S.K.: 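Below: one structure in structure tokens.
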Amino acid sequence: MAQAGLFGDAAASPVSNDEKKIATLREQIRQYDYQYYVLDAPTVPDSEYDKLYRELQALENANPQLITTDSPTQRVGGSPLKAFASITHRQAMLSLNNAFEEDELLAFDKRIREGLGREDIEYAVEPKFDGLAITLTYENGLLTQGATRGDGYTGEDVTSNLRTIRAIPTRLHTTTPPKLLEVRGEVLILKRDFEKLNREQEARGDKLFANPRNAAAGSLRQLDPNITRTRPLTFFAYGLGAAEGIPMLATHSAAMDYLAGLRLPVCRERATVKGLQGILDYYQNIGNKRTVLPFDIDGVVYKVNSLSQQNELGFVSRAPRWAIAHKFPAQEALTVVEAIEVQVGRTGAITPVARLKPVFVGGVTVTNATLHNEDEVRRKDVHAGDTVSVRRAGDVIPEVVSVVLEKRPADARAFVMPTTCPICGSHIIKQEDEAIARCSGGLFCPAQRKQAILHFASRRAMDIEGLGEKLVDQLVDAELVHTLADIYRLDMGTLANLDRMAEKSAQNILDALEHSKKTTLARFIYALGIRNVGEATAKDLARHFGSLQAVQQADIEALLQVPDVGPIVADSIFQFLGEPHNREVIAALMQAGIHWQENAGKANTIGVLTGKTLVLTGTLPSLSRDQAKELIEAAGGKVSGSVSKKTDFVVAGAEAGSKLDKAQELGLVILDEAALLAMLPAAT
DNA sequence: GATCCTCGAGTTCT
DNA sequence: CTCGAGGATC
């Protein structure tokens with residue numbers, strides 16, 4: 001057989017008969033794997049396959065020196081890992097820009113035509129799998145590594161798990177393997193396999209998976225490949241990464257044909273189409289087939305087919321300009337509103353919430369959905385008892401889309417805004433010109449007190465780790481904490497007596513409290529929770545006044561001098577600080593030992609970014625959002641939440657959303673993390 | 001007075 | 001992320 005040379009150089013061995021037999025068996029099994037897992041068209045019964053497999057195993061056991069890593073018997077091996085190693089991708093695994101509406105697609109096609117200066121664009125189109133993006137590395141035809149996408153720059157080494165997936169060849173089907181080939185694709189579980197898997201889970205009394213995607217993700221992230229092996233994972237390739245020694249390829253579709261020739265599974269629904277009409281027809285076509293496809297998809301991907309045209313178009317920040325993912329509309333599900341209750345926020349805001357009969361939508365089970373305010377409830381006309389359509393808007397937050405009026409039961413109850421606070425009984429007051437009703441109880445209201453404490457302890461404020469909702473509930477309900485200052489009076493005796501709190505966790509809380517005492521003036525002002533004073537305003541105040549005393553002594557006139565402080569904000573601050581109770585609490589907090597460097601804000605505001613406004617979007621590869629913000633502020637720059645003409649730079653990371661789109665529309669300078677870091681003075 | 005820009009506040013689930 | 005509303009600007 002022509003391919004015998006691939007198995008290495010053991011020609012003169014005395015076991016050459018076995019060796020030949022082994023080579024034949026491996027080839028046969030690979031062939032059957034290919035037919036079964038890639039073509040989905042088995043040609044032999046399982047029993048025949050098993051027979052060959054056992055035969056190969058026996059021969060290999062008798063001749064262990066002939067075992068090679070690409071043998072079908074070697075798909076499982078190794079012991080469980082402690083953790084996955086981190087892998088830096090040779091070539092970044094980019095994400096695609098998304099389009100939800102037809103006009104976004106029109107804009108995409110227009111950009112392409114204008115960018116290339118021609119009208120006849122050919123697109124390679126394919127379904128967008130709802131699975132996990134991975135990359136496979138083949139060196140000289142052998143699978144040597146597999147990794148998850150991670151943040152696009154570094155991922156996790158899941159090689160031994162990927163080896164268990166029979167659809168993934170451990171050796172490429174070719175006599176002239178490329179020196180290096182990175183294959184990009186998606187690991188997923190077919191719908192029919194998912195149902196079977198869940199039936200098995202149920203029979204064993206194990207937890208059911210919410211959907212094929214979660215099941216695939218969970219299976220791939222198993223530290224023990226022996227578990228992964230039992231999960232029905234499959235794979236589809238959709239692109240190339242780094243490559244050396246591959247044939248010349250002119251188009252994306254030719255690249256896919258090349259991969260198919262190497263016996264990598266590629267999607268059968270892929271096609272090439274001409275122009276905008278072509279992609280719209282394809283979208284329609286796949287949308288119609290969606291439910292009968294064997295796998296879950298969440299949209300369709302369009303890529304400019306010509307690789308030279310792709311090059312010409314290039315990239316914007318992290319996403320290629322020559323491709324776009326056209327997502328299907330968010331899936332909606334029907335459920336019943338069991339009740340409409342209200343929540344009390346930190347400022348006393350009364351928010352109606354729909355308690356829903358649990359419903360599975362967009363990958364999670366939803367039980368609550370905010371209705372924002374009374375007007376919103378009116379507008380949507382939601383009654384308790386109604387059947388409503390629910391979706392997860394903007395990726396995460398559940399939203400009641402509409403009411404199915406025909407299904408309204410006779411005993412459905414309209415929402416009535418309570419007149420008194422359900423927590424403290426104080427009057428609820430709604431200002432004529434405001435959309436939001438508020439509990440007038442102030443800090444007398446336990447709900448508001450709890451929220452005030454949580455805000456005080458939150459990461460961007462005093463950053464007291466461990467002081468979360470559960471603990472605050474207990475502390476307030478047991479009347480152990482009345483004011484913010486009381487939390488610094490907590491001691492071991494009190495804490496260790498609480499539920500779910502032994503000495504160890506109590507000590508952690510005490511340490512966190514101690515740690516939080518060293519802070520900054522801006523954080524402290526923000527932590528107080530003054531109405532209309534958020535992080536940005538707190539920073540402005542700290543910078544302008546320099547000391548707490550100066551802020552406390554300021555009159556309205558003085559407060560108005562602060563940038564971005566107008567009459568309403570000035571009044572909030574003045575009222576808050578004039579309140580004797582608040583003065584006492586602040587004094588007690590200082591007494592407890594809270595301190596900071598006075599005037600810290602005034603220095604070092606001159607840097608390379610002085611006067612510049614930046615906006616962060618998406619996930620950066622190595623910096624957290626807060627870290628990036630700190631770096632920018634240290635260089636004198638300002639980080640803002642929204643993109644406008646006044647924005648100087650937009651720093652975009654993975655999964656960048658609408659802010660990136662807007663930045664592109666406005667033609668702003670877009671940086672990635674590396675470019676940002678390059679602008680900053682070398683870190684010390 | 002209108003418009004644009006930014007900030008504050010609230011929110012779900014894993 | 002999104003809405004609403006406060007502040008700045010013209």
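Bear in mind the structure is a predicted one, so any value in this text is a computation, not a measurement. All chains are named by letter (A, B, ...) in the order of the sequence lines, taking the proteins before the strands, and each is independently numbered beginning at 1.
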S.K.: Within this structure, what is the CD1-to-P distance between A:Ile436 and C:dG6, rounded to whole angstrom?
M.R.: 10 Å
S.K.: Is there a side-chain polar atom (N or O) of A:Thr537 under 4.0 Å from OP1 or OP2 of B:dG8?
M.R.: yes
S.K.: Please give, in whole Å, the distance from B:dT11 C1' to A:Ile350 CD1?
M.R.: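 Roughly 16 Å, once rounded to whole Å.
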S.K.: Looking only at the side chain of A:Thr365 (C-beta and beyond, no hydrogens), which of the listed nucleotides B:dG8, B:dG10, B:dT14 gets closest?
M.R.: B:dT14
S.K.: Take atom CZ of A:Arg379 and atom P of C:dC3, then tell me their distance rounded to the nearest Å.
M.R.: 10 Å
S.K.: Are the side chains of A:Ile586 and A:Leu577 in contact, using a 4.5 Å heavy-atom criterion?
M.R.: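 Side-chain contact under 4.5 Å: yes.
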S.K.: Looking at B:dT14, B:dC5, B:dT12, which one has an atom nearest to any side-chain atom of A:Val353?
M.R.: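 Nearest to the side-chain atoms of A:Val353, counting from C-beta on, is B:dT12.
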S.K.: Indicate whether OP1 or OP2 belonging to B:dG8 is found under 4.0 Å from a side-chain N or O atom of A:Thr347.
M.R.: no
S.K.: OP1 or OP2 of B:dC13 less than 4.0 angstrom from a side-chain nitrogen or oxygen of A:Asn368, does that happen here?
M.R.: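 Yes, such a contact exists.
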S.K.: If only side-chain N and O atoms of A:Arg346 are considered, is one of them under 4.0 Å from the OP1 or OP2 phosphate oxygen of B:dA9?
M.R.: yes
S.K.: Is any side-chain heavy atom of A:Ile487 less than 4.5 Å from a side-chain heavy atom of A:Ile453?
M.R.: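 Yes, at least one pair of side-chain atoms sits under 4.5 Å.
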S.K.: Can a side chain N or O of A:Gln343 be found less than 4.0 Å away from OP1 or OP2 on B:dT11?
M.R.: yes
S.K.: Nearest of B:dT11, C:dG7, B:dA9 to any side-chain atom of A:Thr370?
M.R.: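 The answer is B:dT11.
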S.K.: Please classify the nucleic acid contact of A:Ser642 as base, sugar-phosphate, or nothing, using heavy-atom distances under 4.0 Å.
M.R.: base
S.K.: From CZ of A:Arg391 over to C1' of B:dT12, roughly how many Å is that when rounded to an integer?
M.R.: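 Atom CZ in A:Arg391 sits about 15 Å away from atom C1' in B:dT12.
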S.K.: Look at the side chain of A:Val569 and decide which nucleotide, out of B:dC5, C:dG6, B:dC7, has an atom nearest to it.
M.R.: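 Looking only at side-chain atoms, A:Val569 lies closest to C:dG6.
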S.K.: Roughly, in whole Å, what's the span from CG in A:Leu614 to P in B:dT6?
M.R.: 12 Å
S.K.: Report yes if some heavy atom in the side chain of A:Val342 is under 4.5 Å from a heavy atom in the side chain of A:Val353; otherwise report no.
M.R.: no
S.K.: Of all the nucleotides listed (B:dC13, B:dC5, B:dA9), which has the minimum atom distance to the side chain of A:Val366?
M.R.: B:dC13
S.K.: Can you confirm whether more than 12 heavy atoms, excluding those of A:His482, are under 6.0 Å from its NE2 atom?
M.R.: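 Counting neighbours around NE2 of A:His482, more than 12 heavy atoms of other residues, nucleotides or ligands fall under 6.0 Å, so yes.
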S.K.: Can you tell me how far P of C:dA5 sits from CG of A:Asp564, to the nearest Å?
M.R.: 19 Å
S.K.: With the threshold set at 4.0 Å, does a side-chain nitrogen-carboxylate oxygen contact exist between A:Lys128 and A:Glu186?
M.R.: no
S.K.: May I ask you to check whether over 12 heavy atoms, not counting those of A:Glu200, lie within 6.0 Å of atom CD?
M.R.: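 More than 12 heavy atoms, drawn from other residues, nucleotides or ligands, come within 6.0 Å of this atom.
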S.K.: It should be established whether A:Ser644 places a side-chain nitrogen or oxygen under 4.0 Å from OP1 or OP2 of nucleotide B:dT6.
M.R.: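 Yes.
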S.K.: A:Arg355 has an atom CZ; how far is it from atom C1' of B:dT12, in whole Å?
M.R.: 11 Å
S.K.: In terms of side-chain heavy atoms of A:Lys638, which of B:dC13, B:dT6, C:dG7 is nearest?
M.R.: B:dT6
S.K.: Just N and O in the side chain of A:Thr351: are any of them under 4.0 Å from OP1 or OP2 of B:dT11?
M.R.: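 Indeed, a polar side-chain atom of A:Thr351 lies that close.
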S.K.: Without decimals, in angstroms, what is the distance between A:Lys380 NZ and C:dC3 C1'?
M.R.: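 Spelled out: NZ on A:Lys380 to C1' on C:dC3 is 12 Å.
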S.K.: Does A:Lys539 have a side-chain nitrogen or oxygen under 4.0 Å from the phosphate oxygens OP1 or OP2 of B:dG8?
M.R.: no
S.K.: With DNA chain B as reference, determine whether A:Val643 or A:Arg438 sits nearer its 5' end, using the nearest nucleotide of each.
M.R.: A:Val643
